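What follows is one structure encoded as C-alpha cells, with my remarks underneath.
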Amino acid sequence: MLDVQLLRTDVQAVAKRLSTRGFELDIARFEQLEQERKTLQVRTQALQAERNQVSKRIGQAKAKGEDVSAVLAEVAHLGDELKASEAGLERVQGQLDELLSGIPNVPQDDVPIGASEADNVERRRVGTPRAFDFPVVDHVEVGERLGLLDFARAARISRARFVVMQGALARLQRALTQFMLDVHTTRHGYTEVYVPYLVNADSLRGTGQLPKFLEDLFWLERDELFLIPTAEVPVTNMVRGEIVPLESLPLKFVAHTPCFRREAGSYGKDTRGMIRQHQFEKVELVQMVEPSRSNEALEALLGHAEGILTALDLPYRVVTLCTGDMGFSSAKTYDIEVWLPAQNTYREISSCSNFEAFQARRMQARYRSDKGRPELLHTLNGSGLAVGRTLVAILENYQNADGSVTVPSSLRGYLGGVEKISAEAEATRD
RNA sequence: GGAGAGAUGGCCGAGUGGUCGAAGGCGCUCCCCUGCUAAGGGAGUAUAGGGUCAAAAGCUCUAUCGAGGGUUCGAAUCCCUCUCUCUCCGCCA
C-alpha cells in the first residue's frame, strides 16, 4: 500500500509514475473520496468531541447530586446525527481503503520502463551453456527414462500439474534443499525458520496477494485459511504488527516450504513438465531492513541467490524487470534466469524484489529508529532458489548421452557421494 | 472434542458505568545531588489518524485496555460473537 499522504500531496506525480507500469490511477475518484472523507471525518470528530464533553458534564453533575435531565435533553439529538455521520465515514473510508489497496507499488527511478517481459533489461550473463555432442532431451524425458519422474500417476492421485518423483531424483531434490539452506545459513547469515503453510487472510493482505489475487490461491474456505503461494507470506508476516528494536536489524530469514499456486489463467503455458506446477518446493530469502539500506540489501540478496547457481555451475543471466513486468508490491525486481538447453533459452528460477515500505505499511511492520520513533521497515525477498526448477536445470544441463545424469560436485556430499544417477544404478540399489 | 480460568501500556499489576490513555511498581531517557560504587531527589516515557500550518514545531480534536458488534448521554468495566493463552479430561504424531 502506498502512503496516503503521498497521494494527498501530489497525486499527479504518483499517477504519472504508476502509468509507467500500465496502471491508471483514477485521480478523480480518489480526490472525490478524499474530499468526502475529510468532510465526514471533521464532522464526526466534532460530534464525538461534543458528546464527550457533555457526558463528562453529566458525570460531574451526578457526582454532586444535581439534576441532569436538562443536560440529557440537550444531547438527545446527538445520537442519531453521530451514528449517521460515523456510518458515512466508515463507508467512505472503506471505499478509500479498497481503492488504495488496489494500487501497485511505485517503481524506483532506475527501473527500465516497458510494457512486458520483452522490455526487461539483461544485466549480466554468468557461465557458458555447455556444448552437447548428442541431441539433448528435456527434463521430462530425462526423468522418465530413468524411471524416476511420473506425471501420469500424479495426475491420477491428484490432477494435472502435479508430479511424483522417486528414488535418486526425490533424494536429489532433498539434497538441493539442504544444500541451499546450508549455504544461506552458514555463509550468508540467514536464520532458518520453519513456518505455517496455511495462513489467514490478514497475512495475505500484508504481503499484497489479497485482495487482488484471490484467484491464484488455494483456499480452504471452511477453515478460513489459504495454502501459501510462497514462503514470503508467512515469513514476512513474522513482523506484522510489531515494532522491532533497531539493534535487531537487519532481520534475515531463510525458509524452505512447499508453494501452492492455482495457476489460474496460465492454462496453455508450460503444460509439459515441472516448470509450472500447482505444488513445488522453494527456498526463500526474506529480509527486513532500515529504509536507507534496502537497495544495497537487494543487491546482496541477489548475490546470495546467484551464489547457489554458481556453486551448482549452472549458466544463468540476471535481468532487471521493466515497469510493466514487475509484481504488484515491488518497487524493483531482478529475475535470475537459468539456462535450459532443451528449451534453448533462459527461464526464471529466482525473483528478488525490494518492496520498500509497501508491504510494511500494510502489515504495520516497524522498527524504532534512532530518533526513537517507530518507522516502517523495508521488506525484501527472493527465491534462493526455486528447488523444482533447479532440479529441472540439473536434469537438463547435466544429462549424458547414455541417459544418466551427473550429480553436480557440490551436491555429492548430500547424496552419499553418488556421482551419477543412472537407470542401472537405480535398478541395483537396495 | 468436553469442562473451567484468563487477555489492561516495554514488563509486572490496579481498576466492575462517569472527571480513565488508564493508579502503583519495574524498566528506560534527561536533569540534580553524591569526589568511585551504591543510594537519593525531580521531570519525562504508547500508537494511529484528523484539523490548524507553505512545512516543521506547537496547539487542538478523535480513536485504541485481545478483535468485532451491541446497550448507554457516557464502557477497560455490562451484553453477544470470535480469536488467543493457561489448567484438567479425552484423543493423537
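So that the names make sense, note that chain A is the first sequence line, chain B the second, and so on, each numbered from 1. These figures come from a predicted structure and were not determined experimentally.
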(request) Could you tell me how the ring of A:His188 sits relative to the ring of A:His184: parallel (under 30°), tilted (30 to 60°) or perpendicular (over 60°)? (result) tilted
(message) Looking at B:rU47, I'd like to know if its phosphate oxygens (OP1 or OP2) sit under 4.0 Å from a side-chain N or O belonging to A:Arg368.
(response) yes
(request) For A:Gln108 and A:Ala331, indicate whether the former's side chain and the latter's backbone hold a donor-acceptor pair under 3.5 Å. (result) no
(request) Check every strand shown and say whether A:Arg43 touches a base, only sugar-phosphate, or nothing at a heavy-atom separation below 4.0 Å. (result) nothing
(request) Determine the interatomic distance between P on B:rC78 and the same-named atom on B:rG18; round to the nearest Å. (result) 12 Å
(request) Would you give a per-nucleotide map of nucleotides 61-69 of chain B, 5' to 3', where B means the base has a protein non-hydrogen atom under 4.0 Å away, S means only the sugar-phosphate does, and - means neither? (result) BSS------
(request) For the pair A:Phe218 and A:His278, name the ring-plane relationship: parallel under 30°, tilted 30 to 60°, perpendicular over 60°. (result) perpendicular
(message) Does a side-chain N or O of A:Lys56 approach OP1 or OP2 of B:rG74 to a distance below 4.0 Å, or not?
(response) no
(request) Specify the closest pair of heavy atoms between A:Asp182 and A:Thr186, including all atoms of both residues, with the distance to one decimal. (result) O-OG1, 2.6 Å
(request) Only stems of 3 or more consecutive Watson-Crick or G-U pairs count here, both distances under 3.5 Å; name the ones for RNA chain B, or none. (result) B:1-7 with B:83-89, B:10-12 with B:24-26, B:27-32 with B:40-45, B:46-52 with B:58-64, B:66-70 with B:78-82
(message) Distance check, rounded to the nearest 0.5 Å: A:Ile308 atom CD1 versus A:Phe179 atom CZ?
(response) 5.0 Å
(message) Taking any heavy-atom pair under 4.0 Å as a contact, classify A:Arg366: base, sugar-phosphate, or nothing.
(response) sugar-phosphate
(message) Is there, by distance only and without an angle test, a donor paired with an acceptor across the side chain of A:Lys62 and the base of B:rG18 below 3.5 Å?
(response) yes
(message) Are A:Gln93 and A:Leu96 packed together at the side-chain level, in the sense that at least one heavy-atom pair is separated by less than 4.5 angstrom?
(response) yes
(message) What I want to check is whether the side chains of A:Thr207 and A:Gln359 have a donor and an acceptor closer together than 3.5 Å.
(response) no
(message) For a quick check of understanding: with a heavy-atom distance under 4.0 Å over all strands, which category does A:Arg57 fall into, base, sugar-phosphate or nothing?
(response) nothing
